[in-house]
Amino acid sequence: MPGTTRGFLGRSRAERDPRLPPGQYDARDDWPVLHAEATPRITTDRWTFTVEGLVDEPTTWTWAQMHALAPSRYAGDIHCVTTWSKLGMTFDGVSVDTLLAAARPQPPATHVVAFSHTGYTTNLPLADVTDGKAWVVWDAEGTALTAEHGGPARLLVPHLYFWKSAKWVAGLRLLDHDDPGFWERNGYHDRGDPWLEQRYRGD
Ligand SMILES: Nc1nc2c(c(=O)[nH]1)N[C@H]1C(S)=C(S)[C@@H](COP(=O)(O)O)O[C@H]1N2
Ligand SMILES: [Mo]
């Protein structure tokens with residue numbers, strides 16, 4: 001039916017999902033696995049998360065202590081610098097705000113470095129992990145994060161490219177200066193806003 005064909009073509013031209021930042025595509029059912037190091041097998045009885053550096057109360061939580069904190073969910077999209085996005089994901093864990101409220105950042109703190117149990121690091125302005133913008137998460141789509149996706153727990157900073165979401169996260173260090181992490185030292189953008197296409201240094 002010619003009418004149907006015209007309608008279909010007309011729709012597909014207009015149909016780019018407005019949730020997709022420039023240069024991104026919807027990976028739909030695929031969730032690629034990307035990381036630089038070998039996948040570590042970290043059991044929850046050995047997992048800890050620490051907030052340290054320029055804070056009044058350096059604090060370490062065990063798995064059980066972290067699960068006793070107020071739960072927080074992110075429902076929304078994630079965007080990888082290699083151009084895939086996933087729309088309408090849900091992640092469960094705790095808000096970084098809850099962790100910082102306990103550790104109490106000191107006024108000179110302007111940046112954080114997230115560090116992983118593997119040695120991976122990534123840097124962020126403090127403002128990018130506060131006010132409901134970042135989580136430590138252990139469930140994705142209602143089930144436990146697999147080791148490949150950062151389980152038992154990863155950082156989630158969904159408004160920035162996904163390399164900021166450190167897998168196997170071990171903690172946050174608060175600093176009074178910016179300290180580029182692993183990918184940032186290897187040519188990625190310092191901040192990584194997908195809506196500004198801040199993919200590589202100089203973008
Ligand atoms: N520890 C660690 N975390 C990491 C990385 C890494 O190399 N090591 N890569 C980052 C990058 S570049 C991306 S795109 C995402 C990939 O997460 P996924 O494998 O769950 O899709 O993890 C991020 N977190
Ligand atoms: Mo990435």
Side-chain angles (χ1 to χ4, degrees), residues 31-55 58-74 76 78-81 86 89-103 105 109 111-130 132-141 143-175 178-186 188 191-192:
W31 185 1
V33 170
L34 292 166
H35 49 260
E37 66 273 51
T39 299
R41 305 287 158 174
I42 301 163
T43 54
T44 55
D45 58 305
R46 288 186 305 122
W47 184 88
T48 57
F49 186 90
T50 298
V51 178
E52 62 182 38
L54 294 173
V55 293
T59 307
T60 296
W61 291 266
T62 64
W63 186 253
Q65 288 166 339
M66 179 85 37
H67 282 66
L69 300 174
S72 183
R73 168 171 288 187
Y74 169 71
I78 58 175
H79 311 290
C80 173
V81 69
K86 283 183 71 61
M89 299 281 285
T90 59
F91 290 91
D92 288 287
V94 299
S95 171
V96 168
D97 291 310
T98 301
L99 305 171
L100 294 178
H111 289 78
V112 301
V113 168
F115 52 95
S116 294
H117 287 279
T118 55
Y120 180 81
T121 54
T122 187
N123 57 304
L124 298 131
L126 183 55
D128 277 320
V129 297
T130 50
K133 292 195 284 298
W135 290 259
V136 172
V137 296
W138 43 80
D139 281 8
E141 306 290 84
T143 55
L145 271 183
T146 61
E148 288 71 21
H149 285 300
R154 74 183 299 160
L155 191 65
L156 179 69
V157 190
H159 71 292
L160 298 177
Y161 282 126
F162 212 34
W163 85 77
K164 298 289 184 180
S165 295
K167 304 203 266 192
W168 315 295
V169 71
L172 295 177
R173 188 174 307 121
L174 282 87
L175 305 172
D178 193 17
D179 181 17
F182 176 79
W183 287 116
E184 294 83 2
R185 283 195 298 266
N186 284 286
Y188 280 22
R191 179 151 183 269

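Index from 1, following the sequence. Computed from a predicted structure; not experimentally measured.
- Using a cutoff of 4.0 Å between basic side-chain nitrogens and carboxylate oxygens, R73 and E141 are not scored as salt-bridged.
- Of all heavy-atom pairs between S72 and S95, the closest is CB-N, 3.6 Å.
- Between the side chain of K167 and the backbone N or O of L34, at least one donor-acceptor pair lies under 3.5 Å.
- Of all the heavy atoms in D97 and G132, the pair that sits closest is OD2-N, 2.6 Å.
- A distance of 10.0 Å separates OG1 in T122 from CZ in R185, rounded to the nearest 0.5 Å.
- With T50 contributing its side chain and T60 its backbone, the two residues share no donor-acceptor pair below 3.5 Å.
- In terms of modelled atom types and a separation under 3.5 Å, the side chain of N123 and the main chain of G181 share a donor-acceptor contact.
- Shown here for P40 and A147, the closest heavy-atom pair between the two residues is O-CB, 4.1 Å.
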Show your reasoning for whether side chain to side chain contact (heavy atoms under 4.5 Å, CB included) applies to T121 and F182.
CA-CA 5 Å; T121 54; F182 176 79; 4.2 Å; yes
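- Put simply, OG on S165 and NE2 on H79 are 10.5 Å apart, with the number rounded to the nearest 0.5 Å.
- To the nearest 0.5 Å, atoms CG (L172) and OG1 (T59) are separated by 11.5 Å.
- Salt-bridge check for K164 with D128: failed, with every basic side-chain N at 4.0 Å or more from each acidic carboxylate O.
- Residues T44 and P152 come closest through the heavy atom pair CG2-CB, 3.9 Å.
- Between H117 and W47, the ring-plane angle classifies as tilted under the 30° and 60° cut-offs.
- Rounded to the nearest 0.5 angstrom, W183 CH2 and Y161 OH are separated by 15.0 Å.
- H35 pairs with exactly one of W163, Y120, W168 by the ring-ring contact (aromatic ring centres under 6.0 Å, His included) rule, that one being W168.
- Taking 4.5 Å as the limit, every side-chain heavy atom of V96 sits out of range of all side-chain heavy atoms of T130.
- The line from CZ of F115 to CD of E52 is 4.0 Å long, rounded to the nearest 0.5 Å.
- By the 4.5 Å heavy-atom criterion applied to side chains, V94 and M66 are counted as neighbours.
- Using a 4.5 Å heavy-atom threshold, the side chains of I42 and T118 count as separate.
- Two residues are said to be in side-chain contact when any heavy atoms from C-beta on lie closer than 4.5 Å; F162 and R154 meet this criterion.
- Contact annotation: the side chain of W135 approaches that of P158 to within less than 4.5 Å [non-hydrogen atoms, C-beta and beyond].
- Note that CH2 of W61 is 7.0 Å distant from CZ of F49, once rounded to the nearest 0.5 Å.
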Under the side chain to side chain contact (heavy atoms under 4.5 Å, CB included) rule, what do L155 and L124 come out as? Steps first, then yes or no, please.
CA-CA 12 Å; L155 191 65; L124 298 131; 4.2 Å; yes
Could you walk me through whether V112 and V51 pass side chain to side chain contact (heavy atoms under 4.5 Å, CB included), step by step?
CA-CA 10 Å; V112 301; V51 178; over 6 Å; no
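- For the pair I78/W31, a side-chain contact is recorded, criterion being any heavy-atom separation below 4.5 Å from C-beta on.
- Annotation for W63 and A153: closest pair CZ3-CB, 4.1 Å, computed over non-hydrogen atoms.
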